[in-house]
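Quick notes on the structure that follows.
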Amino acid sequence: MPINSMTGFARASAQYGNYNWTWEVRSVNSKGLDVRLRIPSGFDVLDLPARKAISQRFKRGSVALSLNISHSQDQTGYRINQDLLNQLIDVMKMVEAKVPGVNAPSVDGLMGLRGVIETVDDSESEAEREAAFGKMMISLEEALDDLLTNRISEGGRMESVLHGHIDEIEHLCTKAEACAGAQPDVLRKRLVRQLKDVMEDLPDLDQERIAQEAAILMTKADVREELDRLRAHIEGARDLLVKGSPCGRKLDFLCQEFNREANTLCSKAQDVDLTRIGLDFKAAIDQFREQVQNIE
């Protein structure tokens, strides 16, 4: 499965009968699927099928879709959308029954609502209008397919970058494991040396208590557990990239886990080299997360 980006743009234009139209669709990153449509009055029938077509292709992203329509000849008439008007009248009656004294909207108010009055060509039949709607949906499908192709193409370029960041994190794991400050023997020798210095000044210290405290300090300074978890997260991230989209949410969660382990490693670091490696971890993880934010 490919990795899909959440950013892209596509356009599709077509003509049928007296109509010329252009669909424009663009998407950017978002936590979920957020669809915003801008469709001219009189073409609201396209709203629901357009939303359905978008949700069938995309799982995440803020998708903005607009339809621009021009006519090859002037519109010469108007018609009332009787179904919509009847629904509004029923709602008005229900409100009047439940809220005594409420003022019913005027006829002008009802007629001014979007979609109640539609502009039409007097020579256009209902069948021709339905056929035009069908052609518009076909070109919309083309635009959405182009957007999907663009998002997949962008995702392919991002995938190699993501693998590079994961490789860098893994390389830092290897450096941390090899760092002298992360080795138990080094920690033990350092603690013994420090304790001997203390014992010279305070010879009456309880030897058993000293051993207990030394064991606690060594346990707190041991970063092997954090490094093991980091390697597990690295493997998990690679598995998600192989499975493909939608994986952005899970990768973002892994970034939080990466950060948690890197913070703990920095707090446990007992020498400058390990501290520097911990800071490099945080920088590499931030770069990885920046890319993950655009993955579907």
Side-chain angles (χ1 to χ4, degrees), residues 1-14 21-40 43-44 46-69 136-170 233-260 262 281-296:
M1 292 290 291
I3 292 293
N4 295 353
S5 169
M6 284 191 285
T7 59
F9 173 80
R11 176 190 290 116
S13 299
W21 65 85
T22 298
W23 290 100
E24 287 190 354
V25 56
R26 66 187 71 235
S27 68
V28 295
N29 60 324
S30 177
K31 291 184 177 180
L33 181 61
D34 177 25
V35 179
R36 293 171 293 165
L37 303 185
R38 190 179 66 187
I39 295 177
F43 296 85
D44 305 274
L46 299 173
D47 187 288
L48 287 179
R51 292 180 183 274
K52 182 179 179 180
I54 291 172
S55 63
Q56 287 174 339
R57 290 169 174 80
F58 311 113
K59 303 303 178 185
R60 293 181 68 200
S62 177
V63 181
L65 174 68
S66 64
L67 173 63
N68 298 307
I69 299 177
M136 291 177 187
M137 283 304 303
I138 290 174
S139 62
L140 171 59
E141 299 276 353
E142 294 173 354
L144 294 178
D145 286 342
D146 286 344
L147 177 62
L148 178 59
T149 300
N150 292 339
R151 286 175 50 149
I152 292 175
S153 178
E154 176 67 16
R157 291 188 289 271
M158 294 173 62
E159 184 175 1
S160 61
V161 176
L162 290 168
H163 278 295
H165 290 315
I166 294 175
D167 290 343
E168 174 63 17
I169 294 171
E170 185 176 39
H233 297 331
I234 290 169
E235 183 178 350
R238 284 183 171 145
D239 287 343
L240 287 172
L241 290 177
V242 170
K243 292 177 181 178
S245 291
C247 63
R249 287 181 180 274
K250 294 180 179 179
L251 285 171
D252 189 56
F253 173 76
L254 274 181
C255 288
Q256 298 177 37
E257 297 301 307
F258 276 131
N259 260 324
R260 183 176 292 110
F281 263 125
K282 294 175 66 67
I285 293 165
D286 285 343
Q287 292 172 351
F288 180 63
R289 190 169 191 175
E290 284 180 7
Q291 299 298 325
V292 166
Q293 298 299 317
N294 292 318
I295 294 296
E296 183 178 42

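Scanning all heavy atoms of the two residues, the minimum distance from I169 to A284 falls at CG1-CB, 4.0 Å. Minimum interatomic distance between A10 and D146 (heavy atoms only, all atoms of both residues): CB-CB, 3.8 Å. Residues A50 and L65 come closest through the heavy atom pair CB-CD2, 4.0 Å. Across M6 and G61, no two heavy atoms sit closer than the pair SD-N, 3.6 Å. What you find for A143 and V25 is that their closest heavy atoms are O-CG1, 4.1 Å. Heavy-atom minimum distance, C247 versus I295: SG-CG2, 4.0 Å.
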CA sep, side-chain torsions, deciding dist, call: V63, V28, side chain to side chain contact (heavy atoms under 4.5 Å, CB included): CA-CA 7 Å; V63 181; V28 295; over 6 Å; no

Could you go through N259 and R289, starting from their C-alpha distance and side-chain angles, then the distance that decides it, and tell me whether this counts as side chain to side chain contact (heavy atoms under 4.5 Å, CB included)? CA-CA 10 Å; N259 260 324; R289 190 169 191 175; 4.1 Å; yes

Mind running side chain to side chain contact (heavy atoms under 4.5 Å, CB included) on Q287 and E168 for me, showing each step along the way? CA-CA 10 Å; Q287 292 172 351; E168 174 63 17; over 6 Å; no

Trace of the side chain to side chain contact (heavy atoms under 4.5 Å, CB included) decision for L147 with R26: CA-CA 8 Å; L147 177 62; R26 66 187 71 235; over 6 Å; no

Would S62 and R36 count as a side-chain hydrogen bond (donor to acceptor under 3.5 Å, both in side chains) if you check the C-alpha gap in whole Å, the side-chain angles of each, and the deciding distance to 0.1 Å? CA-CA 8 Å; S62 177; R36 293 171 293 165; 3.2 Å; yes

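With hydrogens and angles left out, the side-chain atoms of S13 and T22 include a donor and acceptor closer than 3.5 Å. A donor atom on one side chain and an acceptor atom on the other are not found under 3.5 Å apart for N68 and E24. Side chain to side chain, R51 and S55 fail the donor-acceptor criterion of an N or O pair below 3.5 Å.
I54 is listed as a side-chain neighbour of L37, based on a closest heavy-atom distance under 4.5 Å. The shortest distance between side-chain heavy atoms of I69 and F43 falls below 4.5 Å. When side chains are defined from C-beta on, L162 does not count as touching S160, because their heavy atoms never get closer than 4.5 Å. Proximity of R238 to D167: side-chain heavy atoms (C-beta onward) are separated by under 4.5 Å at one or more points. Side-chain contact between L46 and W23 is present, with heavy atoms from C-beta onward closer than 4.5 Å.
Counting heavy-atom neighbours within 6.0 Å of Q293 CD, excluding the residue itself, gives a total above 12. Atom NZ of K282 sits in a crowded spot, with more than 12 heavy atoms from other residues, nucleotides or ligands closer than 6.0 Å.
No side-chain donor-acceptor contact under 3.5 Å links S5 to the backbone of G155. Panel note: side chain T149, backbone D145; a donor-acceptor pair is recorded below 3.5 Å. Between the side chain of R57 and the backbone N or O of A53, at least one donor-acceptor pair lies under 3.5 Å.
Atom-to-atom distance recorded for E154:CD and T7:OG1 is 5.0 Å, nearest 0.5 angstrom. Note that the OG atom of S245 and the CG atom of L240 stand 10.5 Å from one another [nearest 0.5 Å]. Interatomic distance, Q56 CD to L144 CG, rounded to the nearest 0.5 Å: 9.5 Å. Atoms CZ and CG, from F258 and L251 in turn, are 9.0 Å apart once rounded to the nearest 0.5 Å.
Partner of E296 under the side-chain hydrogen bond (donor to acceptor under 3.5 Å, both in side chains) criterion, chosen from R151, R60, K59, R249: R151.
At a threshold of 4.0 Å, the pair K31-D252 does not count as salt-bridged, since none of the basic side-chain nitrogens sits closer than that to a carboxylate oxygen.
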